[in-house]
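Worksheet: one structure, shown below.
The sequence lines fix the lettering, A, B, ..., with proteins before strands; numbering per chain opens at 1.
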Protein chains: 2
Amino acid sequence: MATISDVAALAGVSTATVSRALNGKPTVAPDLVARVLAAAAELGYRPNGLARSLRRQVTAVVALVISDVENPFFTAIARGVEDTAQAAGYSVMLCNADEDAVKERQYVDAAVQERVAGVIISPTGTPATAAALLDSGTPVVAVDRPLAGARCDTVLVDSRLAATQATEHLIAQGYQRIGCVTGPAGVPTADDRLAGYHDGIAAAGRRVSQRLVRRCEYKAAGAERAGESLLGEREPPDAILVGNSVMAVGVLKALARGALRPGRDVGIVSFDDAPWATLVDPPLTVVAQPAYEIGTLAADMLLARIGTRGDEPKTATLNARLLVRGSSRRH
Amino acid sequence: MATISDVAALAGVSTATVSRALNGKPTVAPDLVARVLAAAAELGYRPNGLARSLRRQVTAVVALVISDVENPFFTAIARGVEDTAQAAGYSVMLCNADEDAVKERQYVDAAVQERVAGVIISPTGTPATAAALLDSGTPVVAVDRPLAGARCDTVLVDSRLAATQATEHLIAQGYQRIGCVTGPAGVPTADDRLAGYHDGIAAAGRRVSQRLVRRCEYKAAGAERAGESLLGEREPPDAILVGNSVMAVGVLKALARGALRPGRDVGIVSFDDAPWATLVDPPLTVVAQPAYEIGTLAADMLLARIGTRGDEPKTATLNARLLVRGSSRRH
DNA sequence: TTGAAAGCGCTAACAG
DNA sequence: CTGTTAGCGCTTTCAA
């Protein structure tokens, strides 16, 4: 592949002039610019981004590490990050940690080593990964979940409040035994949603039964088993709060297997307004998180942080909206 | 951030020794290795990947450029690519071209400039982008769609055959006026699916009516309008073949708005077995493409190509499977 | 306005 | 087994 020296030789100028011409510096004579451009085109010259970044000590790439590419919530965040970052001239390198702390660590290390301009991450992982990221000095914004034991810019949604509202809604609908299927212990969103569920139950003067709570990976398969187990209880729930839309797929399958109808037999509210939520029958009541806005806001915060490293970390907490549809109405 | 010289100074050795020690070369005395490791740890040293790649003339990153992150088909491919590439020691940089030729071009240029080891792409774009990629000498594998006017390793699915089979299935079910909603003209998968639909109609000795065909972006919104327009025809279709699962969301919404029930009122077959396909009522009949396998196979081909540049481009064509469910059964 | 030259951080000959 | 040195391709002083 042609280098800047090849272009310089062909154009009969120095590499410095080629560099200046190609970077649109105003201090190059027009005819030289033309010669350089012609030579570059003839050779099919593509500047080496590695060399450029090494020299300039900056890259125009931000990494976005998400915990599950197959979750529409995270892909919507990705769209938001992308739109904002691209408008500012950055490429977005999307990395799928797949809810796996090891993969996450690999991606974080790779991003740091490639000296990306910044990292937006929905952390799956351990304090060690968080520390590695922070210590590197790379600007970081955490989304969806706080970065374990570390202070950095953060964009969250008030999951706990939203879960409380969802639970209160189910109670208001007359459901008596409300269950909850949420993510693994230690994952902040999963814990928050469970806490909010507790809040809602308690606010109604009822007691939480551990028999009505299931925790598993934020995946459909686990949620399906959890749903089946819940429905197999001696006194099964008549409503379920589900931790995200991927899990909702599993829980709805479990209901279908038991020939139970959402709403009428078992009230269902799930986090995340997936594209298919209105297609199921009855339509799924959801807690809609502003995923795209999370992405744009996180990207804005990251760009600001890349600009000015100094100031205090900020946390933005957005609100979710309960969209009541048929799956949580008894009639 | 600490550099290799800082580590060398602290350990009291040369940078060469640091490099060798850190890269596990066997020719370093154990005590020096220990000193180097200690120094690196103390300084929180992170090797600069840019410098390393520049020097070595290779990167351990492959780019995957997909046409829509919000389409489960592509995210499943991404999972396949990732699993295979990571096992071989590569990071995967996922780029979302969003069915936009301009974005795609930006990502391809960025990938080439960052000197990634290889690119896997589901091309949205123009021959110019394809040429830019091929000319760069970067190993390339095209997935889902061939790279416009360019010869390279390719992994496809026989969409046309699958569309024919889906159409024949609808005919066998007794549907009389079968329509088709597919992607934009010029997108190979969209054209193939339409061609297969034609094949199926023709094989039954029927004539294709242009009034029953709609083409639009591979997006839900467009497909919803297309569905409404189709159902608004004076003689509307009694069955529809839908180009992908994102579009199926739109078409099903259009049906719901018209109070039409899939299967009974309008038979539906869609490409791609989305996670929610069995949750709708009746369950959606789909043409299931082996998305994950496309990803693993493409990654295998890319890794082989990175190893040995020389040989002839290969094309692998996988088969899709028709999964008959309720939405295409009249009873 | 242009060129010569240094150097970003690292690896790989080549000597010793 | 270790150090010296050159150089990957680019940008950016510093001189001219």
From [atom1] of [X] over to [atom2] of [N], roughly how many Å is that when rounded to an integer?
| X | N | atom1 | atom2 | answer |
| --- | --- | --- | --- | --- |
| A:Asp31 | C:dT1 | CG | P | 12 Å |
| A:Leu22 | C:dT2 | CG | C1' | 16 Å |
| A:Ile4 | C:dT2 | CD1 | P | 15 Å |
| A:Leu54 | C:dT11 | CG | C1' | 13 Å |
| B:Met1 | C:dC8 | CE | P | 16 Å |
| A:Arg55 | C:dA6 | CZ | P | 13 Å |
| A:Leu50 | C:dG7 | CG | P | 22 Å |
| A:Arg56 | C:dA6 | CZ | P | 22 Å |

Handout entry: Residue among B:Val155, B:Thr154, B:Asp153, B:Val141 satisfying side chain to side chain contact (heavy atoms under 4.5 Å, CB included) with B:Lys314
Key = B:Asp153
Handout entry: Sugar-phosphate, base or nothing in reach of B:Leu32, heavy atoms under 4.0 Å
Key = sugar-phosphate
Exercise for the section: Assign B:Ala29 to base, sugar-phosphate, or nothing according to its heavy-atom contacts below 4.0 angstrom with the strands shown. Expected result: sugar-phosphate
Completion exercise
Distance col, row B:Ser91:OG vs A:Tyr107:OH, nearest 0.5 angstrom, shows 6.0 Å
Exercise for the section: Answer yes when B:Glu312 and B:Arg151 have at least one side-chain N-carboxylate O distance shorter than 4.0 Å, and no when they do not. Expected result: yes
Exercise for the section: State plainly whether the residues B:Arg305 and B:Asp311 are in salt-bridge range, i.e. N to O under 4.0 Å. Expected result: yes
Handout entry: A:Leu297 and A:Met301, any side-chain heavy atoms less than 4.5 Å apart
Key = yes
Problem - Donor-acceptor contact below 3.5 Å, side chain A:Thr59 vs main chain A:Arg115 - result: yes
Handout entry: Contact under 4.0 Å: A:Thr17 side-chain N or O vs C:dT2 OP1/OP2
Key = no
Handout entry: Short side-chain N/O contact to C:dG7 OP1/OP2 from A:Gln57, under 4.0 Å
Key = no
Fill in the blank from the handout: The first and last nucleotides of DNA chain D lying within contact of chain A, meaning any atom under 4.0 Å from one of its heavy atoms, run from D:dG9 to D:dT13
Handout entry: Earlier contact from the 5' end, DNA chain C, for A:Thr27 and B:Arg52
Key = A:Thr27
Exercise for the section: Tell me, with the steps shown, if B:Glu293 and B:Arg79 meet salt bridge (Lys or Arg N to Asp or Glu O under 4.0 Å). Expected result: CA-CA 9 Å; B:Glu293 288 72 32; B:Arg79 295 280 325 279; over 6 Å; no
Completion exercise
Assign each of B:Ser14 and A:Asn48 the nucleotide of DNA chain D bearing its closest heavy atom; nearer the 5' end lies the nucleotide of B:Ser14
